[in-house]
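Here the structure is laid out as structure tokens; the discussion comes afterwards.
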Amino acid sequence: MAPSNRRDFLKLCLGSASALALPEPVEAMSSSVQPTASRATVSVDRYIDPLPLLKRLDPIGKRGDTTLYRVRMTEFRKQLHSQLPSTKLWGYEGQYPGPLFEALEGSPIEVRWENHLPLQHIFPIDPRIHGAMPSVPAVRTVPHLHGASTRSESDGLPEKWFTPGQSALYHYPNEQQAATLWYHDHAVGITRLNVYAGMSGFYLLRDKQELAMNLPSGAYEVSLVVQDRTLDAQGQLVYSPTNEAGQKQPPGTWGSELFCELPVVNGAIYPYLDVEPKLYRFRVLNASNSRFFNLYFNLAKRPTDVPSLVTMHQIGTDGGLLEKPVALNKLLLAPAERADLIVDFSGLIGKTITLSNDAASPYPGWTMFHAMYPPLNEVMQFRVVLPDSSKDKKFSMPSVISLSRLDPGQSTVMRDFVLSEQTDAQGNSKGVRINNKGYDDPIAEFPKLGSIEKWRFINTTDDAHPMHLHLVQFQILERQGFDTGAFTQGRLQLLGKPRPPAPNEAGWKDTAVVVPGDVLTILIKFEGFAGRYVYHCHMLEHEDNDMMRPYEVIA
């Protein structure tokens, strides 16, 4: 008999895995009922609303060489589409996404993060998730500047949350190269809920090298926060995760997957952007909870037409500029990954280009037997209808730069991290783990400050996982398959040849994808600061239960 879902299919591939003696934080629903594709709860016209441009956050003062900022976290309402009523959201400074930070390398800033949220959460909370038990306040926040090198006390550790009426003062030294960073909430046990409510934003760090490159700037540099959301008939956010079989979980119950029905870019559903016929720079962030995007610029009129692709050039990754631009037809972005892109509209006068997506959900696509989740084939549109308002201003691609490389031979330690999933008797997920440990288990990794280590993530699950480390930027060394049958017997037997990183990820990264049946090996130099930090999967449902572990850098 043909397997009925992706878990059954993977079992045929992996064989019987040994049972893991893991704690049971969450009950899961039975998978005896076949999954069905959900239907959109609201219907709106596409591409009738302009893309909102992110507003830059102004400082409130200076103290010596440190620039001071104040950010208030509040509940507010905003229209996500002109045909819908306003939606209740949580965010920073009354904005969704939050305001845009612009910082300069070597110029530190200090941010007073203030919690002005109500005492009741916008979504039901599952009290069985670690860190979210009934004795803990329902509303708590802690901001994390993703990709930044900061001291531990300013990192946004999940357990360092604070409640309404409280605040935290964080210091960001900005002692790293220009990069596309972002910030989001990181409160233990409810990160998925707080971010889904709207708590994320961009942080652009610049340096002298980047500023001297004549890259598109001003109106020609556009930040794009790409997410997916589901709204009810009243235009309000619906947080409705599913189990592994695609069935919706009861309200207030953790589910391992969240795939929503509408694309949202910069807080707008199916927006458009009018552009001039010249080079544009796009800072693209996938800030979704679980959804991967495989993006492409498409000249075809309908999603069912044969695609007609516009070439894009990726010039930067999570942690900064690439050695040279990489020409791409499609761009895969996992949750939390960023890409710095250049798109040339100069030969497309009068054309309409749709930013399209063909990534499977869940990724990499164990859905050949049942279409569990509706695809988001289109995201937004670009219309090349504006005249060239500055013909005397010509932008250019970045030139080849020198990119420092970590030497694998300098690695002093190699650590293995087995990604696994706890299931019930029906095969439903009851949580995900790293090395069979949860977040509250004792620290097992103590890298030395200044050392280089090799970390290998071994994926025994049927999901791709975007693995993220706090404090550091790393480099991908290679990916390689492994014999899953041998692994169940305790042997890591690698298969095939090691695969180097793709050209557009051969730079500095803080988040990297490991697909099922693969080993991802990264090189890390632990520099900057000693102290406690975390590493985790950046699918927020996984991070919350319980695919996150602490580590401590020691001097």
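Each residue takes its place number in the sequence, starting with 1. Atoms considered below: every heavy atom in the structure, side chains included; atoms not considered: hydrogens, waters and symmetry mates.
Summarising the geometry, atom NZ belonging to K525 is positioned 13.0 Å from atom OG belonging to S411; distances are rounded to the nearest 0.5 Å. To the nearest 0.5 Å, atoms CG (N504) and NE2 (H313) are separated by 12.0 Å. Between atom OG1 of residue T412 and atom CZ of residue F526 there is a gap of 9.0 Å, rounded to the nearest 0.5 Å. For the atom pair CG (L477) and CZ (R499), the distance works out to 12.5 Å, reported to the nearest 0.5 Å. Expressed to the nearest 0.5 Å, how far CE of M312 lies from CG of L355 amounts to 7.5 Å. Between atom CD of residue E102 and atom OG1 of residue T67 there is a gap of 12.5 Å, rounded to the nearest 0.5 Å.
No side-chain donor from either of T163 and R140 sits under 3.5 Å from a side-chain acceptor of the other. For the residue pair S389/E276, the side-chain donor-acceptor check at 3.5 Å is satisfied. A donor and an acceptor atom, one from each side chain of D440 and H130, are nowhere located under 3.5 Å apart. Counting only N and O atoms by type, the side chains of T180 and Y203 include no donor and acceptor under 3.5 Å apart. Side-chain atoms of E541 and S290 include a donor-acceptor pair closer than 3.5 Å.
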Q: Walk me through it: do E114 and M73 pass the test side-chain contact (heavy atoms from CB on, under 4.5 Å)?
A: CA-CA 6 Å; E114 300 178 2; M73 293 169 268; 5.8 Å; no

(Q) Between S223 and F282, is the side-chain contact (heavy atoms from CB on, under 4.5 Å) condition met? List the steps. (A) CA-CA 6 Å; S223 298; F282 295 109; over 6 Å; no

Q: List the steps, then state whether side-chain contact (heavy atoms from CB on, under 4.5 Å) holds for L104 with K208.
A: CA-CA 8 Å; L104 184 65; K208 293 178 180 178; 5.6 Å; no

Q: Give the C-alpha distance, both sets of side-chain angles, the deciding distance and a yes or no for salt bridge (Lys or Arg N to Asp or Glu O under 4.0 Å) between R70 and E110.
A: CA-CA 9 Å; R70 177 195 188 196; E110 199 169 77; over 6 Å; no

**Q.** Pair E93-R72, salt bridge (Lys or Arg N to Asp or Glu O under 4.0 Å): steps then yes or no
**A.** CA-CA 5 Å; E93 288 298 301; R72 293 158 288 192; 2.8 Å; yes

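For the ring-ring contact (aromatic ring centres under 6.0 Å, His included) with Y92, the qualifying choice from Y183, Y69, F76 is Y183, the only one to do so.
Between R383 and L273 there is no side-chain heavy-atom pair separated by less than 4.5 Å. Side chains of Q314 and L322 form a contact here, defined as non-hydrogen atoms less than 4.5 Å apart. Looking at heavy atoms from C-beta onward, V265 lies in side-chain contact with L51 at the 4.5 angstrom threshold. Two residues are said to be in side-chain contact when any heavy atoms from C-beta on lie closer than 4.5 Å; I353 and V275 fail this criterion. For the pair P335 and F292, the minimum side-chain heavy-atom distance is below 4.5 Å. Looking at L89 and R77, their side chains never come closer than 4.5 Å, going by heavy atoms from C-beta outward. Residues V284 and L295 meet the side-chain proximity criterion, which asks for heavy atoms closer than 4.5 Å. Proximity of Y296 to V379: side-chain heavy atoms (C-beta onward) are nowhere separated by under 4.5 Å.
Looking at every heavy atom in both residues, G528 comes nearest to L449 through N-CD1, 4.0 Å. Among all heavy-atom pairs drawn from C537 and E543, the shortest one is O-CB, 3.3 Å. The heavy-atom pair separating D318 from K509 by the smallest distance is OD2-NZ, 3.2 Å. Pairing each heavy atom of S390 with each of K278, the nearest pair is OG-NZ, 2.9 Å.
With sequence neighbours excluded, the residues that form a side-chain hydrogen bond (donor to acceptor under 3.5 Å, both in side chains) with D340 are R281. Remark: S107 pairs with no residue by the side-chain hydrogen bond (donor to acceptor under 3.5 Å, both in side chains) rule, at least two apart or across chains. Partners of D358 under the side-chain hydrogen bond (donor to acceptor under 3.5 Å, both in side chains) rule, at least two apart in sequence or in another chain, are N294, K330. Every side-chain hydrogen bond (donor to acceptor under 3.5 Å, both in side chains) that D228 has, sequence neighbours left out, goes to S288, R291. Qualifying ring pair (Phe, Tyr, Trp, His ring centres under 6.0 Å) partners for H146, counting only residues two or more places apart in sequence or in other chains: H144, W182, H184, H468, H538. Checked against side chain to side chain contact (heavy atoms under 4.5 Å, CB included), P118 has the following partners two or more places apart in sequence or in another chain: E75, W90. In this view, V514 and L419, F457, N459, H465, M467, D518, L520 satisfy the side chain to side chain contact (heavy atoms under 4.5 Å, CB included) rule, not counting sequence neighbours. In this structure Q480 satisfies the side chain to side chain contact (heavy atoms under 4.5 Å, CB included) test together with E478, L494, P498, sequence neighbours excluded. Not a single ring pair (Phe, Tyr, Trp, His ring centres under 6.0 Å) links F162 to another residue, sequence neighbours left out. Scored by the side chain to side chain contact (heavy atoms under 4.5 Å, CB included) test, V225 finds L54, P97, F202, Q227, N266, L285, A287 as partners (sequence neighbours excluded). Under the ring pair (Phe, Tyr, Trp, His ring centres under 6.0 Å) criterion, Y535 pairs with F417, W455, sequence neighbours left out.
Salt bridge annotation for E105-R206: absent, with no cationic side-chain nitrogen under 4.0 angstrom from a carboxylate oxygen. A salt bridge does not link E221 to R56: none of the charged nitrogens lies less than 4.0 Å from a carboxylate oxygen. With respect to the salt-bridge test (charged N to carboxylate O, under 4.0 angstrom), the residues R479 and E505 qualify. A salt bridge links D510 to R338: one of the charged nitrogens lies within less than 4.0 Å of a carboxylate oxygen.
Sparse packing is recorded around NZ of K160, with 12 or fewer heavy atoms of other residues, nucleotides or ligands lying under 6.0 Å away. Within 6.0 Å of atom NZ in K324, 12 or fewer heavy atoms from other residues, nucleotides or ligands are found, so the atom counts as exposed in its surroundings.
Using a distance-only test at 3.5 Å, with no hydrogens or angles considered, no donor-acceptor pair links the side chain of D185 to the main chain of T141. For N286 (side chain) and L333 (main-chain N/O), a donor-acceptor pair under 3.5 Å exists by modelled atom type.
The aromatic rings of Y220 and Y280 stand perpendicular to each other, their planes meeting at an angle above 60°, with 30° marking the opposite boundary. Taking the six-membered ring for Trp and thresholds of 30 and 60 degrees, F101 and W113 have ring planes inclined between 30 and 60 degrees apart.
Residue pairs meeting the side-chain hydrogen bond (donor to acceptor under 3.5 Å, both in side chains) criterion with at least one member in residues 147-157, sequence neighbours excluded: D155-H470.
A centroid separation of 6.0 Å or more is found between the aromatic rings of Y551 and F446.
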